[in-house]
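First up is the structure itself, then whatever we jot down about it.
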Amino acid sequence: MGAQKSVHAGKAKIDFNVDFTHRLCAAMMVHSFSLCVKHPNLFGKSEKLDLLWDKGLSDSNILIAYRKPRPEWLAQHSFVFQHSISPEVGIHGVPVDNFSKTGSGGVNLCRFSAGLDLDEPGTSNWTTKTSIKFEHVRPVNDDGRSISRDLHGYSVTSSGNFHDNMVVLKQESRFAKANDHSFTRFSLQIEQGIPLMSKWLIFNRFKFAASKGVKVGPGFLLASVTGGSIVGDIAPYQAFAIGGVGSVRGYGEGAVGSGRSCLVANTQLTFPMNLMLDGVLFCDCGTDLGSGRYVPGNPGLRHGKPGAGVGVGYGVRLKFPMGHFQVDYALNAYHQKTIYFAFSNVAS
């Protein structure tokens, strides 16, 4: 359900969009609240201000972005401030039930960042975005108190203190091409940690994602591969978490592995069953490429993660005017069954 209200002040207009999202995952209902406030003419010169707030049961995210208009042939820049709190279950979570679920490891991340985003003018099918930001990361326990070590006594920060600071320079390039029968997408992200002060993190991280979709008769075949690697003095929470809905289905979040490198491949075939129902067959696989032991504190080995996993399954997609409801049934390499429920509105 959603509610929208507009407030006019001269030529300015503020749109309030309030969305209540209900998600059902493994027979458990999770409620979240979203608030979106947009001002298209903040100081009378078409400056845009966006305020986004997402609040869940155990996580919160606040994003403020200010954009000043520039000619289309110049890079568009925006100032971005963000504060979030979320459980770090991908790295510090404990796999249970034959790796099909992930329990809390008692570590949550409180992040604050402030920086500048630059969107370069698009050329052909390519778009480029560059950003530089300061980031402050403070691990906390389930009671909200700052911690420097996990339940096993291993450090959860790179500095060994109660927080990490870093300045990150990031560049992202995207390619997209589509027609009536297929599409191709590719993205590459490169991040560099700049140690402006002692104990500030210095690292280099890259991540790529490539996907190809092809129409096969009445159905549609989608194949994708993602991967990446990170070098330098990193904190455990910067490792790649493998496993979960957006990675390898059939496993809990991060239950496959936690590594300095990763490689994940997904294949999915969607076929129509009737006007309102689509069927899905999928196969996911992922690996940390043997890099789990190089993560500080080796959380993957301590939690018994296998380092590689395969998940197969099927599902259905119910199409309604207000959105799409999907159900996926996945089986992992340990013959553990998991059912995923999700609901997405038409816009997403």
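Just so you know, these numbers use all the heavy atoms, side chains as well, and skip hydrogens, waters and symmetry mates. All of these numbers come straight from a predicted model, not from anything done at the bench.
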Working note: V167 + I132, criterion side-chain contact (heavy atoms from CB on, under 4.5 Å); need CA distance, chi angles, decisive distance, verdict. CA-CA 7 Å; V167 171; I132 184 168; 4.1 Å; yes
Stepwise, does the side-chain contact (heavy atoms from CB on, under 4.5 Å) test hold for Y154 with V156? CA-CA 6 Å; Y154 290 86; V156 293; over 6 Å; no
Could you walk me through whether K38 and L49 pass the side-chain contact (heavy atoms from CB on, under 4.5 Å) check? CA-CA 6 Å; K38 296 186 177 184; L49 178 68; over 6 Å; no
Worked check of side-chain hydrogen bond (donor to acceptor under 3.5 Å, both in side chains) between N41 and S46: CA-CA 4 Å; N41 194 19; S46 299; 4.5 Å; no
Show, in sequence, the C-alpha distance, side-chain angles and deciding distance for S182 and K215, and conclude whether the side-chain contact (heavy atoms from CB on, under 4.5 Å) test is met. CA-CA 6 Å; S182 66; K215 190 173 182 180; over 6 Å; no
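Of the possible polar contacts, none joining the S291 side chain to the Y294 backbone as a donor-acceptor pair under 3.5 Å is found.
In this structure F134 satisfies the ring-ring contact (aromatic ring centres under 6.0 Å, His included) test together with W200, sequence neighbours excluded. Annotation: side chain to side chain contact (heavy atoms under 4.5 Å, CB included) contacts of R293 (sequence neighbours excluded): N298. Partners of H163 under the side chain to side chain contact (heavy atoms under 4.5 Å, CB included) rule, at least two apart in sequence or in another chain, are H136, R138, N165. When the side chain to side chain contact (heavy atoms under 4.5 Å, CB included) test is applied to V316, the partners found at least two apart in sequence or on another chain are L277, V327. Under the side chain to side chain contact (heavy atoms under 4.5 Å, CB included) criterion, L109 pairs with E88, R111, V137, P139, Y237, not counting sequence neighbours. Residues passing the salt bridge (Lys or Arg N to Asp or Glu O under 4.0 Å) test with R149, sequence neighbours excluded: none. Applying the salt bridge (Lys or Arg N to Asp or Glu O under 4.0 Å) test to R205 and every residue at least two apart in sequence or in another chain returns nothing. Applying the salt bridge (Lys or Arg N to Asp or Glu O under 4.0 Å) rule to D180 yields no partners; only residues at least two apart in sequence or on another chain are considered. Residues satisfying the salt bridge (Lys or Arg N to Asp or Glu O under 4.0 Å) test with D59, not counting sequence neighbours, are none.
M197 and F162 are members of different hydrophobic clusters when ILVMFWY side chains are connected at heavy-atom separations under 4.5 Å. Linking Ile, Leu, Val, Met, Phe, Trp and Tyr residues whenever their side-chain heavy atoms come within less than 4.5 Å places F43 and F81 in a single cluster. Hydrophobic cluster membership differs between L118 and W126, with clusters built from Ile, Leu, Val, Met, Phe, Trp and Tyr side chains linked at under 4.5 angstrom. One hydrophobic cluster holds both L318 and F271 under the rule that ILVMFWY side chains link at heavy-atom gaps under 4.5 Å. Grouping the Ile, Leu, Val, Met, Phe, Trp and Tyr side chains by contacts below 4.5 angstrom, directly or via other members, places I62 with F79.
Environment of CZ in R302: crowded, with over 12 heavy atoms of neighbouring residues, nucleotides or ligands closer than 6.0 Å. Atom OH of Y66 has more than 12 neighbouring heavy atoms from other residues, nucleotides or ligands inside a 6.0 Å radius. Under a cut-off of 6.0 angstrom, the local environment of CG in D50 is crowded, with over 12 non-hydrogen atoms contributed by other residues, nucleotides or ligands.
Looking at every heavy atom in both residues, L289 comes nearest to S261 through CD1-CB, 4.0 Å. Shortest non-hydrogen contact noted between A235 and L201 is N-CD2, 4.2 Å. Looking at every heavy atom in both residues, G160 comes nearest to S155 through CA-OG, 3.8 Å. In this structure, A241 and G254 approach most closely via the heavy-atom pair CB-CA, 4.1 Å. The minimum heavy-atom distance between C283 and V310, with the atom names listed, is SG-CG1, 4.4 Å. The two residues G93 and K305 make their nearest non-hydrogen contact at O-CE, 4.2 Å.
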Only pairs under 3.5 Å count here: list side-chain donor-acceptor contacts from residues 207-214, not counting sequence neighbours, and write none if there are none.
unit_1	atom_1	unit_2	atom_2	d
K212	NZ	T184	OG1	2.9

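In this structure, V256 shares a hydrophobic cluster with F99, I242, V248, Y251, V264, Y334, the cluster being traced through Ile, Leu, Val, Met, Phe, Trp and Tyr side chains under 4.5 angstrom apart.
A side-chain N or O of D54 and one of S34 form a donor-acceptor pair less than 3.5 Å apart. In this structure, a donor-acceptor pair under 3.5 Å is absent between the side chains of D233 and S158. A side-chain N or O of D142 and one of N108 form a donor-acceptor pair less than 3.5 Å apart. Between the side chains of N204 and E191, no donor-acceptor pair of N or O atoms lies under 3.5 Å.
By the 4.5 Å heavy-atom criterion applied to side chains, S100 and N332 are counted as neighbours. In this structure, the side chains of D119 and T130 stay at 4.5 Å or more apart for every pair of heavy atoms. Taking the side chain as every heavy atom from C-beta outward, T267 and L269 never approach each other to under 4.5 Å. Side-chain contact between Q192 and F203: absent, with no pair of heavy atoms (C-beta onward) separated by less than 4.5 Å. The shortest side-chain heavy-atom distance between Q171 and Q189 does not fall under the 4.5 Å cut-off. H303 has its side chain within reach of P95: a pair of non-hydrogen atoms, C-beta onward, lies under 4.5 Å apart. The closest side-chain heavy-atom distance from F33 to W53 is below 4.5 Å. Residues F282 and L222 have side chains not in contact (no heavy-atom distance under 4.5 Å, counting atoms from C-beta outward).
Of the charged side-chain nitrogens involved, none lies within less than 4.0 Å of a carboxylate oxygen, so that D97 and K337 do not count as a salt-bridged pair.
Residue pairs meeting the salt bridge (charged side-chain N to carboxylate O under 4.0 Å, His left out) criterion with at least one partner in residues 260-289, sequence neighbours excluded, are R249-D284, D278-K319.
The distance from the CD1 atom of I91 to the CD atom of E253 is 9.0 Å, given to the nearest 0.5 Å. Put simply, OG on S78 and CD1 on I64 are 13.0 Å apart, with the number rounded to the nearest 0.5 Å. Summarising the geometry, atom CD1 belonging to I147 is positioned 10.5 Å from atom CG belonging to D143; distances are rounded to the nearest 0.5 Å. Separating the OG atom in S146 from the CG atom in N161 is a distance of 11.0 Å, to the nearest 0.5 Å. Taking CG of L281 as the start and OG1 of T270 as the end, the distance is 8.5 Å to the nearest 0.5 Å. Of the inter-residue distances, the one linking I85 atom CD1 with N61 atom CG reads 10.0 Å to the nearest 0.5 angstrom.
Screening K133, K199, Q238 for a side chain to side chain contact (heavy atoms under 4.5 Å, CB included) involving M166 leaves a single residue, Q238.
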